[in-house]
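In what follows, a structure is listed as structure tokens, so that the remarks can point back to it.
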Amino acid sequence: MKKLMIFIIFLLLLGCTNVIKNKQTSIDFNCPRPFFSSEDKIFIDNNNSLEDVLLKAEINNFEINEACQQKDKIFIIPLDLLIIANPMDDLQNPEINIPVYVSLLDKNDNILETQYFMVSGKLNKHSETNKYIETDIADRLKVISQYLETYQLVVGFMLDDKKRKLLN
């Protein structure tokens, strides 16, 4: 009976030490400063020409509203993003997907890493005309990286050369 009790106590102690060892703590640290790319601030969804633009979107605002956290050698930055989406034509589908990038830069403005995200939303309809109207699309991007020397973030829309040329 004594051996059974000692064995059970040993198992309990062994189990508790594993829980204590595996418990990871995170610490808050100073978040990098966010900026938006002046070149990639406007997004268009089109069919090859400026006259066929279906949707125009613009980065309106961004903010880090929660503390940035570091766990071991990885940090997490919760970046809230506000995009104003304006349908330019009579769209058939209210669901929109807008590609966004976040570049992490060091103190010397060298790019450490670029991460890509898809911001999804649904356009609102006007109650009387039943047409899609300008809509705020808000999303939180979780930037996860191992580059602890990140000093600033640059946010922008992913644009191909054709779209960039049409916008300029």
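One-based numbering along the sequence shown.
- Counting heavy atoms from C-beta on, the side chains of T114 and V102 never come closer than 4.5 Å.
- For the residue pair F36 and K41, the shortest heavy atom distance occurs at CE1-CD, 3.1 Å.
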(request) Report the C-alpha separation of N108 and Y151 in whole Å, then their side-chain angles, then the decisive distance to 0.1 Å, and conclude whether the side-chain hydrogen bond (donor to acceptor under 3.5 Å, both in side chains) test is met. (result) CA-CA 9 Å; N108 299 321; Y151 185 70; over 6 Å; no
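- The CD1 atom of I59 sits 10.5 Å away from the OG atom of S38 when rounded to the nearest 0.5 Å.
- Pairing each heavy atom of L79 with each of P34, the nearest pair is CD1-CB, 4.2 Å.
- To the nearest 0.5 Å, atom NE2 of residue H126 and atom CD1 of residue I133 are 6.5 Å apart.
- Remark: E66 pairs with R140 by the side-chain hydrogen bond (donor to acceptor under 3.5 Å, both in side chains) rule, at least two apart or across chains.
- Between the CG atom of N110 and the OG atom of S103 there is a distance of 12.0 Å, given to the nearest 0.5 Å.
- Every residue two or more places apart in sequence or in another chain was checked for a salt bridge (charged side-chain N to carboxylate O under 4.0 Å, His left out) with E134, and none qualifies.
- Nearest approach of N97 to P99, heavy atoms of both residues: O-CD, 3.9 Å.
- Other cluster members for F35: none, since no ILVMFWY side-chain heavy atom sits under 4.5 Å from it.
- Side chains of M158 and Y116 form a contact here, defined as non-hydrogen atoms less than 4.5 Å apart.
- A donor-acceptor distance shorter than 3.5 angstrom exists from the side chain of T135 to the backbone of N124, with no hydrogens or angles considered.
- A heavy-atom distance below 4.5 Å is not found between the side chains of L82 and I137.
- Every residue two or more places apart in sequence or in another chain that forms a side chain to side chain contact (heavy atoms under 4.5 Å, CB included) with E95 is listed here: N93, K122.
- Contact annotation: the side chain of S120 approaches that of M118 to within less than 4.5 Å [non-hydrogen atoms, C-beta and beyond].
- For Y147, the side chain to side chain contact (heavy atoms under 4.5 Å, CB included) partners at least two apart in sequence or on another chain are L112, E113, S145, E149, T150.
- Taken from CG in N30 to CD1 in I64, the straight-line distance is 10.5 Å, to the nearest 0.5 Å.
- The shortest heavy-atom contact between I144 and I74 is CG2-CG2, 3.6 Å.
- In terms of heavy atoms, I96 sits closest to I98 at CD1-CD1, 4.0 Å.
- Interatomic distance, CG of L81 versus CZ of F62, reported as 8.5 Å (0.5 Å rounding).
- Under the side-chain hydrogen bond (donor to acceptor under 3.5 Å, both in side chains) criterion, Q152 pairs with D109, not counting sequence neighbours.
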(request) Apply side chain to side chain contact (heavy atoms under 4.5 Å, CB included) to the pair D136 and I83, showing each step before the final yes or no. (result) CA-CA 6 Å; D136 295 349; I83 297 173; over 6 Å; no
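- Atom CG of D40 sits about 5.0 Å away from atom CG of L159, to the nearest 0.5 Å.
- Contact detail for F157 and I42: the closest heavy-atom pair is CD1-C, 3.6 Å.
- Between the side chain of Q146 and the main chain of L148, no donor-acceptor pair closer than 3.5 Å is present.
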(message) Assess the residue pair I77 and L153 against the criterion (side chain to side chain contact (heavy atoms under 4.5 Å, CB included)); give the C-alpha distance rounded to whole Å, side-chain angles, the decisive distance to 0.1 Å, and a yes or no.
(response) CA-CA 10 Å; I77 303 169; L153 304 174; 4.0 Å; yes
